[in-house]
Amino acid sequence: MLAEVPLEEEVVLVRMDVAGEDVEPLLERGIVPGCRLCPVRHAPVGGPTVYSVDGCLVALRREIASCLCVRSALEAAGVLDSN
Amino acid sequence: MADSRPLVLLAGPPNSGKSTLFNSLTGLRQRVANYPGVTVERRSGVVRLASGRVELVDLPGVHGLSSRSLDQLVARRALLGEMEGGRRPDGLVILLDSTRLSSHLMVAESFLGLGIPTLVVLAMADELDRRDGAVEAAELSRELGVEVALVDARDPGTLGSVHSFFEALLTGGEEARACPAVAVADSHVAQSPARAPTRPLPVVDLFSARRDRARQLGRAAGYRAPRESVVTNRLDALALHRIWGPVVFLGVVALVFQTIFAWAMPLMDATEATIRISGRYLHGIMPDGWLRSLLIEGVWAGVGSVIVFLPQILILFFFIALMEDSGYMARAAVVADRLMHRVGLQGRSFLPLLSAYACAIPAIMSARAVEDERDRLATIFIAPFMTCSARLPVYALLIAAFVPAGPVLGPILGRQAAVLIGLYALGLVAAIGTAALLKRTLLRGRPLPFVMELPPYRMPSARSVATRLLDRAKVFLRRAGRIILAVTVVLWVLTQLPRTPDGGSPPIDESALGRMGQLIEPAIEPLGLDWRIGIGLVTSLAAREVIVGTLGTIYGVEAEDDTTLELRAALQRDMDLGSAVALLVFFAFALQCMSTVAVMRRETGGWRWPSLQFAYMLVLAYLGAWAAKSIL
């Protein structure tokens, strides 16, 4: 899950376990399966985490980041290479 | 005739520099109003060109055109010709930030394919270039099938292609530019948003397709994303730092507080003095009679009581504009999010609530930044509990009269200051409690996920800040001024009737207003308050601090400020400590401000919320005051 990814590690979004219309604000900001996300910094006092998505910075609360299933970008690239 | 001018809509995602482009194109020829029936602001302006004029409407900044938010709904309906009095737009300008083109092209996909002559403007061209990014406008134009211009919205010299687009609309040469209808078949406009709760979600596929198309467009247009912004990186390292982030945040909050309370005071005093002196001058040159009394004691004093807050409100909006335009506002919302989340709100609610310590009106107006409608309503609802500056003269008078000076914490904190802090805390506790109550009852529901885009830091432009201040001042004066004018005229009439046998105005206790005070006396008697305070409570509906002047008139003392010793002495004769505290608590809770009610009606689109809030706060104020009186 995205919430577990350490800072500076690039990942690829695989699946979004977000209910119904809640998914739209994410999609509209480019958080779409297949996109690359990189946690850039954690906000102070346990606040949201800032992610870099396609050159934009987007802050997400932990409960949403916990619903986004990701895999390492390197691993994803490896899968592509082997294909 | 405005209708004969071509209507052009300006669309794009938030924080893409839309307002800057709008201001550059229209200058000061702008109007701000709400779209009919909804609370979304409509900014329109006129662009003057060699062959005529074009009406430009700045649509709310949106990431898409589903009907998830009011902003999106309005943008969508305006594009489909269901707004603007049913007029279909003659042209569309889509503004995208060229430094964030990959994601902004996804947004553009929603706006294309409407069969409207379209120009895509890529803003921040200078920054893209500076950070070694690149894009071929001509290639992108070929791919999109519409014209594409690369501009720096702040530099009018780069806006030639936008003007040419408008000229073409005016001279009727636009047919060739009309982009084909439904170039993108899966646009939200062509198809209402899928909201199926089960997976796989079609809406996800729709956006995936849109992202693929955006990437393909970017590749075809030779888009090279800019290097990471060093400035944004460094500033974020500070603004979102574990320790320094909250320090910077509190520093900004302290600066805003210090400015609106300490630095705005000389300006407010000067405004007040100007109103008083000019009132006296007019009083001197006008013949004695009812007209003079109406104009000077009614209209002049009433409207003056609103204008006096203008410096403070403008300073507050100056800070809001600086924070929004620089990009810090989004960071502040992220830093405050955790705290606000605990009371059921979100980070974006923080600044409106902070503003409410100066005045609830700008707070309610700036709550538009809160995207989630339930959170926005909750923010608006609790804003008047924050201790606004109009309460201070009332607090100062009563505290000085009933709370003896003396230390509580040695030289650091005096007893009077402690009571004042207590009153601030009382308002805050009531606000938090009310927010929690609302979110469990009327505004219950799953909140939208907190997704906050952090725009790159940018130097705010003086022109953009000045334009915003001007239109905020207009909205404030128009909304607050009108209702205050009406309320003060009604109150004046009530002090003038019934006329005495010789045709003069009656003493205040025999006037209609005095009788109203006597009428409500039984209701406020349990609070230890008499008919004189009753009159004050009625007049303070115009603005809270008006009660000080009213009490001065009733007690026959000239109370031009709250330090008047005679007024304090008169109050000490008529009230005991319990009733004074009851009155303080009443003012801490009651919504004694018709301007706030008027602005709230505008921002919530009806009387439901303001009526509910007025009643809720009145009941809370009464019960709180009764409890205080019973205890003391």
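Order of the sequence lines sets the chain letters (A, B, ...), proteins ahead of strands, with each chain counted from 1. Every heavy atom of this structure was used, including side-chain atoms; hydrogens, water molecules and symmetry mates were not.
Few gaps surround CD on Glu63(A); more than 12 heavy atoms of other groups in view lie less than 6.0 Å from it. No more than 12 heavy-atom neighbours from other residues, nucleotides or ligands sit within 6.0 angstrom of CZ on Arg215(B).
No hydrogens or angles considered: nothing links the side chains of His63(B) and Gln72(B) as a donor-acceptor pair under 3.5 Å.
Only the backbone of His241(B) comes within contact range of chain A, with heavy atoms under 4.5 Å apart. For Val53(A), no part lies near chain B; criterion is any non-hydrogen pair under 4.5 Å. Within the 4.5 angstrom heavy-atom criterion, only side-chain atoms of Thr232(B), from C-beta onward, approach chain A. Both the backbone and the side chain of Asn233(B) come within contact range of chain A, with heavy atoms under 4.5 Å apart. Within the 4.5 angstrom heavy-atom criterion, atoms from both the backbone and the side chain of Leu27(A) approach chain B. Looking at Asp236(B), both its backbone and its side chain come within 4.5 Å of chain A, counting heavy atoms on both sides. If you measure heavy-atom distances from Ala237(B) to chain A, the contacts under 4.5 Å come from both the backbone and the side chain. With a threshold of 4.5 angstrom between heavy atoms, Arg41(A) approaches chain B through side-chain atoms but not through N, CA, C or O. With a threshold of 4.5 angstrom between heavy atoms, Ser208(B) approaches chain A through its backbone and through its side chain.
Partners of Arg77(B) by salt bridge (Lys or Arg N to Asp or Glu O under 4.0 Å), not counting sequence neighbours, listed by chain and number: Glu82(B). Arg227(B) pairs by the side chain to side chain donor-acceptor pair (under 3.5 Å) definition with Asp132(B), not counting sequence neighbours.
At a threshold of 4.5 Å between non-hydrogen side-chain atoms, the residues Val370(B) and Gln346(B) count as touching.
Interface summary for chain B: among Ser52(A), Pro48(A), Ala43(A), Gly47(A), the most heavy-atom pairs under 4.5 angstrom belong to Pro48(A). Of the listed residues (Met106(B), Arg211(B), His104(B)), the one with the most heavy-atom contacts under 4.5 Å to chain A is Arg211(B). Interface remark: of the candidates Val335(B), Thr99(B), Val451(B), Val451(B) forms the most heavy-atom pairs closer than 4.5 Å to chain A.
Relative to the ring axis of Phe207(B), Arg29(A) does not place its NZ or CZ within 45° and under 6.0 Å from the centre.
Between Phe249(B) and Tyr328(B), a ring centre-to-centre spacing not shorter than 6.0 Å is recorded.
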